[in-house]
Amino acid sequence: MTSNVNPTVRRRRLGQELRKLREDKGMTAEQVAERLLVSQSKISRLENGRRSISQRDVRDLCGVYEVEDQRMVDSLMEMAKDSRQQGWWHAFGDIPYSVYIGLETDAESLRVYEPQVVTGLLQTRAYAEAIIQGALPETSVDEIEKRVQVRMKRQERITAENGPLRLWVVLDEASLRRVVGSRLVMREQLEHLTEVTRLPQVTVQVLPFDVGAHPGLNGQYTILEFTDAADSSVVYIEGVTSDLYLEKAHDVQQYSVMYEHLRAQALSVEQSRQTIEEVAKEYAR
């Protein structure tokens, strides 16, 4: 079942409302958990939108918070109902990073720093296949194909007619030099990257080796920003067995400042395009 309602975003907004109700009541997550005979971690997961929330959960929490406005209760329960619907990505089965896909699908813009490979939203099919196979060597052919299909589907946001995703990417020079798949795959990937950089909504900068030490040495991260003022920005850090989502204003600000330094130290947009074209020609020799 699919819907235009983004379940990930619904869960996140609902969690924010429930957290506000708890804080207005002056209660801790531990106190609420004790009242409902559940774990504190469940309350935390409900509030941060990482766990599916039922209408019964909403009803019980509104009871603890003594919400008297029935219209508010009904609205929150409707959000809970929407949050249990499935997004387009569920058609592909169990996707480990489905929370991120839900956020990305609703985001207005992304700022990405990628130190090792070309970022997923700008990958060709052949490059994506080689990346997934190399990173997950024990993955079946069917699973690799499923992940590639999801990646290609995600890329449709970039060229969507209505509200295309605004994408700013800083790529370390290593991502251009690392031979993924073959030299032919790399040449096609960099030629594709050159063409994509000509889209008005896509900006790509290359961080050259000779910059030396820089704020991105700790690894890849993505900053997601949303149109709705109710949705705060999120920093996403991909992990091997689990991912990290940072939403506190201080954390987002710190990563945003780091990103500004990366953009300042990277080559200009035109210089970056020239560099990508030059490296692509090297793969053609």
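Note: hydrogens, waters and symmetry copies are ignored here, and every other heavy atom, side chains too, is used.
- The nearest pair of heavy atoms linking S232 to Q16 is OG-NE2, 4.1 Å.
- Taking CD1 of I132 as the reference point, atom CZ of R151 lies at 4.0 Å (rounded to 0.5 Å).
- With respect to the salt-bridge test (charged N to carboxylate O, under 4.0 angstrom), the residues E143 and K146 qualify.
- When all heavy atoms of G26 and Q31 are compared, the pair lying nearest together is O-OE1, 4.0 Å.
- Cluster annotation: V64 is connected to M72 through the hydrophobic network of ILVMFWY side chains, with a link wherever side-chain heavy atoms come within less than 4.5 Å.
- Rounding to the nearest 0.5 Å gives a distance of 6.0 Å between CD of Q220 and CD of E238.
- Pairing each heavy atom of P115 with each of A174, the nearest pair is O-CB, 3.6 Å.
- V32 and M77 fall within a single hydrophobic cluster, where Ile, Leu, Val, Met, Phe, Trp and Tyr side chains are chained together by heavy-atom contacts under 4.5 Å.
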- [ ] Apply side-chain contact (heavy atoms from CB on, under 4.5 Å) to L46 and K42, showing your working.
- [x] CA-CA 6 Å; L46 291 179; K42 175 179 179 178; 4.1 Å; yes
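- Distance check, rounded to the nearest 0.5 Å: CD1 of I53 to CG of L14 gives 4.5 Å.
- Contact detail for P215 and H261: the closest heavy-atom pair is CG-CB, 3.7 Å.
- The closest side-chain heavy-atom distance from L224 to Y100 is below 4.5 Å.
- Residues Y65 and D24 are not in side-chain contact: their nearest non-hydrogen atoms beyond the backbone lie 4.5 Å or more apart.
- No side-chain heavy atom of T222 sits less than 4.5 Å from a side-chain heavy atom of T119.
- Annotation: side chain of L167 is in contact with side chain of L122 (closest heavy-atom distance under 4.5 Å).
- Within 6.0 Å of CE on M152 lie more than 12 heavy atoms contributed by other residues, nucleotides or ligands.
- More than 12 heavy atoms of other residues, nucleotides or ligands shown are found within 6.0 angstrom of CG on D210.
- Between the side chains of S41 and R45, at least one donor-acceptor pair of N or O atoms lies under 3.5 Å.
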Open item on the list: V67 vs L21, test: side-chain contact (heavy atoms from CB on, under 4.5 Å). Steps then yes/no.
Closed with: CA-CA 8 Å; V67 180; L21 288 174; 4.0 Å; yes
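- Within 6.0 Å of CZ on R198 lie more than 12 heavy atoms contributed by other residues, nucleotides or ligands.
- Look at E282 and R285 and you find no salt bridge, because none of the NZ, NE, NH1 or NH2 atoms lies under 4.0 Å from a carboxylate O.
- Between R125 and E145 there is a salt bridge, since a side-chain N of the basic residue sits under 4.0 Å from a carboxylate O of the acidic one.
- Following chains of ILVMFWY side-chain contacts shorter than 4.5 Å, one can reach I276 starting from L199, so the two form part of one hydrophobic cluster.
- Within a 6.0 Å sphere centred on CD of E68, heavy atoms belonging to other residues, nucleotides or ligands number 12 at most.
- Put simply, CD on E191 and OG1 on T194 are 7.5 Å apart, with the number rounded to the nearest 0.5 Å.
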- [ ] Evaluate the criterion side-chain contact (heavy atoms from CB on, under 4.5 Å) for residue pair I43 and L61; output intermediate values, then yes/no.
- [x] CA-CA 9 Å; I43 301 302; L61 288 168; 4.2 Å; yes
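- Between E225 and R166 there is no salt bridge, since no side-chain nitrogen of the basic residue lies less than 4.0 Å from a carboxylate oxygen of the acidic one.
- Nearest approach of L246 to V252, heavy atoms of both residues: O-CG2, 3.8 Å.
- Heavy atoms from other residues, nucleotides or ligands lying under 6.0 Å from CD of Q265 number more than 12.
- With respect to the salt-bridge test (charged N to carboxylate O, under 4.0 angstrom), the residues R178 and E114 do not qualify.
- A donor-acceptor contact closer than 3.5 angstrom is absent between the side chains of S175 and D172.
- Salt-bridge check for R154 with E104: passed, with a basic side-chain N closer than 4.0 Å to an acidic carboxylate O.
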Task: Test log, rule side-chain contact (heavy atoms from CB on, under 4.5 Å), inputs V180 and M186 - done: CA-CA 6 Å; V180 173; M186 288 303 300; 4.0 Å; yes
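- By the 4.5 Å heavy-atom criterion applied to side chains, V202 and L121 are not counted as neighbours.
- Under the 4.5 Å side-chain heavy-atom criterion for Ile, Leu, Val, Met, Phe, Trp and Tyr, V257 and V112 are members of distinct hydrophobic clusters.
- For the pair W168 and Q205, the minimum side-chain heavy-atom distance is below 4.5 Å.
- Residues Y221 and R111 are not in side-chain contact: their nearest non-hydrogen atoms beyond the backbone lie 4.5 Å or more apart.
- With respect to T124, the side chain to side chain contact (heavy atoms under 4.5 Å, CB included) criterion is satisfied by exactly one of E129, Q155, H192: H192.
- By the 4.0 Å N-to-carboxylate-O rule, E17 lies too far from K20 to be salt-bridged with it.
- Ring orientation note: the planes of Y113 and H214 are nearly perpendicular, at an angle over 60° on the 30°/60° scale.
- Two residues are said to be in side-chain contact when any heavy atoms from C-beta on lie closer than 4.5 Å; L110 and L165 meet this criterion.
- Nearest heavy atom pair, residue Y259 against residue I223, reads CB-CD1, 4.4 Å.
- A side-chain donor-acceptor contact under 3.5 Å links D57 to the backbone of S54.
- Linking ILVMFWY residues whenever their side-chain heavy atoms come closer than 4.5 Å, directly or via other members, places V179 and L176 in the same cluster.
- Atom-to-atom distance recorded for N218:CG and I237:CD1 is 9.0 Å, nearest 0.5 angstrom.
- Remark: side-chain polar atoms of R19 are paired, donor with acceptor, to backbone N or O of E47 under 3.5 angstrom.
- Under 3.5 Å, the side chains of Q274 and E278 contain no donor-acceptor pair of N or O atoms.
- The OG atom of S109 lies 12.5 Å from the CD atom of Q201; values are rounded to the nearest 0.5 Å.
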